[in-house]
Amino acid sequence: MSTPVENVVIVGTGCAGLTAAIYTGRANLSPLIIEGSLPGGQLTTTSEVENFPGFPEGVDGFHLMDSLRKQATKFGTRFEQAQITSVDFSSQPLKLRTADREILAKSVIIATGASPRMTGIPGEKELYGGKGVTTCATCDGAFYRKMEVAVIGGGDSAAEEALFLTRFASKVYLVHRRDSLRASKIMADRATSHPKIQMVWDSAPTEVVGVAEGSVSGLKIKNLKTGADSVLPVKGIFVAIGHVPNTGPFASALDVDEGGYFKPVTGSQVQTKVPGVYVAGDCADHVYRQAITAAGMGCQAAIEAERWLAEHGG
């Protein structure tokens, strides 16, 4: 019995993947979604999303993703729980391999997202997502009005997060293991000169305090030069040490940049060098990394896939 060839396979079920499924489903393409280890993506770990259009009172992240999933299902999307381990995009049909089988497809939309790089210190995992540890000031900064918070990191992202948080927080500690920021000069100057930002130089975080209470009450740090331990009295901790794009199984078949993010062809946000293969969301976007921009890229990828299939007998 021959393996059926799917019109479109979507890898990932965050905002990008589910939006792509809604669009390709409405186009009667019967999309197949391959779900990874975190169905619904990073938003499922966010208790409240305040910046997604259409929800003036905010929306629970899990509820938002569940609604997108139901909408995709309504238009004929099928879901399979699996991890893509490798691909062969050298010829049609395109081949995607899981631990159990090989999937054949005319077109593929990769929306695997990116995973925030974490410090791994005690308490971080337990208090991540709605309990005080987060990786997105744009998403969660407004929850810390008139509170003291800490940002961990030393690059442009950390400086940007710290500066953004000054709109809400009473004080922002910027914790960095060196005595100068790695950020660009303009960002470093802005951060170090801001009256609400207190630089914590030569220091490394060692523990998030507050696990027993279920919410962050402090950040333990160690001065790397003196060995002295101290606790910053913060209610929020923003980890800004970068993201790791989930592109590994596809990197041999597609172009990626030095950070591992997919590189679309010139003139497109979503089209790759392989005809019929598209990328969307945080696996290709290291600039904005927002739910709404991921959804927009999912829409673009779906429309491009529809057009490509129409032109090539899909």
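FYI, the numbering just counts along the sequence from 1.
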| query | Do other residues, nucleotides or ligands put more than 12 heavy atoms under 6.0 Å from the NZ atom of K220? | reply | no

| query | Any side-chain heavy atom of V208 sitting closer than 4.5 Å to one from V133? | reply | yes

| Can you tell me how far CG of L68 sits from CD1 of I22, rounded to the nearest 0.5 angstrom? | 5.0 Å

| Derivation of the ring pair (Phe, Tyr, Trp, His ring centres under 6.0 Å) call for F238 and F164 | CA-CA 11 Å; F238 293 78; F164 182 84; 9.0 Å; no

| said: Are V200 and V216 linked, directly or through intermediate hydrophobic residues, by side-chain heavy-atom contacts shorter than 4.5 Å (ILVMFWY only)? | reply: yes

| message | Does R97 have more than 12 heavy atoms from other residues, nucleotides or ligands lying within 6.0 Å of its CZ? | response | yes

| request: Look only at the side chain of T293 and the backbone of Q290, and say whether a donor-acceptor pair between them is shorter than 3.5 Å. | output: yes

| query | If you measure from CG on L104 to NZ on K95, what distance do you get to the nearest 0.5 Å? | reply | 6.5 Å

| query | Can you name the closest pair of heavy atoms from A82 and T98 and give their distance? | reply | CB-CG2, 3.9 Å

| request: For the residue pair L232 and E148, establish whether any side-chain heavy-atom pair is separated by less than 4.5 Å. | output: no

| Just wondering, do V5 and T3 contact through their side chains at under 4.5 Å, heavy atoms? | no

| Could D189 and K185 be called an ion pair, given the rule that one side-chain N must be under 4.0 Å from one carboxylate O? | yes

| query | With side chains defined as the heavy atoms from C-beta onward, is the minimum distance between M118 and K125 less than 4.5 Å? | reply | no

| message | Donor-acceptor check, side chain of S215 to backbone of G210, threshold 3.5 angstrom: yes or no? | response | no

| Minimum heavy-atom distance A191-L181, with the two atoms named | CB-CD1, 4.3 Å

| message | Assess the residue pair T13 and M65 against the criterion (side chain to side chain contact (heavy atoms under 4.5 Å, CB included)); give the C-alpha distance rounded to whole Å, side-chain angles, the decisive distance to 0.1 Å, and a yes or no. | response | CA-CA 8 Å; T13 53; M65 299 316 298; over 6 Å; no

| query | For the residue pair P205 and T119, what are the closest heavy atoms and their distance? | reply | CG-CG2, 4.4 Å

| message | Hydrophobic clusters here meaning ILVMFWY residues chained together by side-chain heavy-atom distances under 4.5 Å, can you tell me if V9 and I109 are in one? | response | no

| Close side-chain approach of S230 and I221, heavy atoms under 4.5 Å | yes

| message | If you apply the rule side chain to side chain contact (heavy atoms under 4.5 Å, CB included), what do you find for I110 with I84, and how did you get there? | response | CA-CA 11 Å; I110 305 168; I84 300 300; over 6 Å; no

| message | Side chains of S90 and D88 only: does a donor on one sit below 3.5 Å from an acceptor on the other? | response | yes

| said: Can you classify the ring geometry of F52 versus F55 as parallel (below 30°), tilted (30 to 60°) or perpendicular (above 60°)? | reply: tilted

| field | From CZ (R289) to OG1 (T135), nearest 0.5 Å | value | 8.0 Å

| message | Membership question, hydrophobic clusters at under 4.5 Å side-chain separation (ILVMFWY): are M297 and Y261 in the same one? | response | no

| request: Take L254 and T247 through the test side chain to side chain contact (heavy atoms under 4.5 Å, CB included) and record every step on the way to the result. | output: CA-CA 9 Å; L254 302 173; T247 56; over 6 Å; no

| field | Atom OH of Y23 with >12 non-hydrogen neighbours under 6.0 angstrom | value | no

| query | Quick check: does any side chain N or O of E311 sit under 3.5 Å from a backbone N or O of W308, one acting as donor and the other as acceptor? | reply | no

| message | When you group the ILVMFWY residues by side-chain heavy-atom contacts below 4.5 Å and let the links chain together, are L94 and L309 in the same group? | response | no

| field | pair H286-D257: side-chain heavy atoms closer than 4.5 Å | value | yes

| query | Of R69, K70, H63, which is the lone residue that meets side chain to side chain donor-acceptor pair (under 3.5 Å) with D66? | reply | K70

| said: Measuring from atom CD1 of I237 to atom CD1 of I121, what distance do you get when rounded to the nearest 0.5 angstrom? | reply: 6.5 Å

| task | Would you check if K131 and E126 make a side-chain contact, meaning some heavy-atom pair closer than 4.5 Å? | result | no

| request: Say whether, by atom type as modelled, one donor and one acceptor occur between the side chain of K222 and the main chain of T206 under 3.5 angstrom. | output: no

| Are N246 and S115 close enough that a side-chain donor and a side-chain acceptor fall under 3.5 Å? | yes

| task | Of all the heavy-atom pairs spanning G132 and Y144, show the shortest one and how long it is. | result | CA-OH, 3.3 Å

| query | Ignoring hydrogens and geometry, is there a side-chain-to-backbone donor-acceptor pair from T272 to V277 under 3.5 Å? | reply | yes

| field | Minimum heavy-atom distance S193-R190, with the two atoms named | value | OG-O, 3.4 Å

| Under the 3.5 angstrom rule, does the side chain of S203 hit a backbone N or O of W201 as a donor-acceptor pair? | yes

| task | Step by step, work out the side chain to side chain contact (heavy atoms under 4.5 Å, CB included) result for F79 and T73. | result | CA-CA 9 Å; F79 294 83; T73 302; 3.3 Å; yes

| request: Could you tell me the separation between the OH atom of Y288 and the OG1 atom of T138, rounded to the nearest 0.5 Å? | output: 12.0 Å

| note | Minimal heavy-atom distance between T77 and A72, with the atoms involved, is OG1-O, 2.9 Å

| said: With heavy-atom distances below 4.5 Å as the criterion, would you say the side chains of V279 and D285 are in contact? | reply: no

| field | Approximate separation, where rounding is to 0.5 Å, of H312 NE2 and R307 CZ | value | 14.0 Å

| query | Does Q92 reach the main-chain N or O of K106 with its side chain, forming a donor-acceptor pair under 3.5 Å? | reply | yes

| Check: K196 side chain, T166 main-chain N or O, donor-acceptor pair, under 3.5 Å | yes

| query | When the ring planes of F250 and F89 are compared, do they come out parallel, tilted or perpendicular, using 30° and 60° as the limits? | reply | parallel

| query | If you group Ile, Leu, Val, Met, Phe, Trp and Tyr by side-chain heavy-atom gaps below 4.5 Å, do L127 and I241 land in one group? | reply | yes

| Are any side-chain N or O atoms of R26 and backbone N or O atoms of F75, one a donor and one an acceptor, separated by less than 3.5 Å? | no

| query | Judged by atom type as modelled, is there a donor-acceptor pair below 3.5 Å linking the side chain of E161 to the main-chain atoms of S157? | reply | no

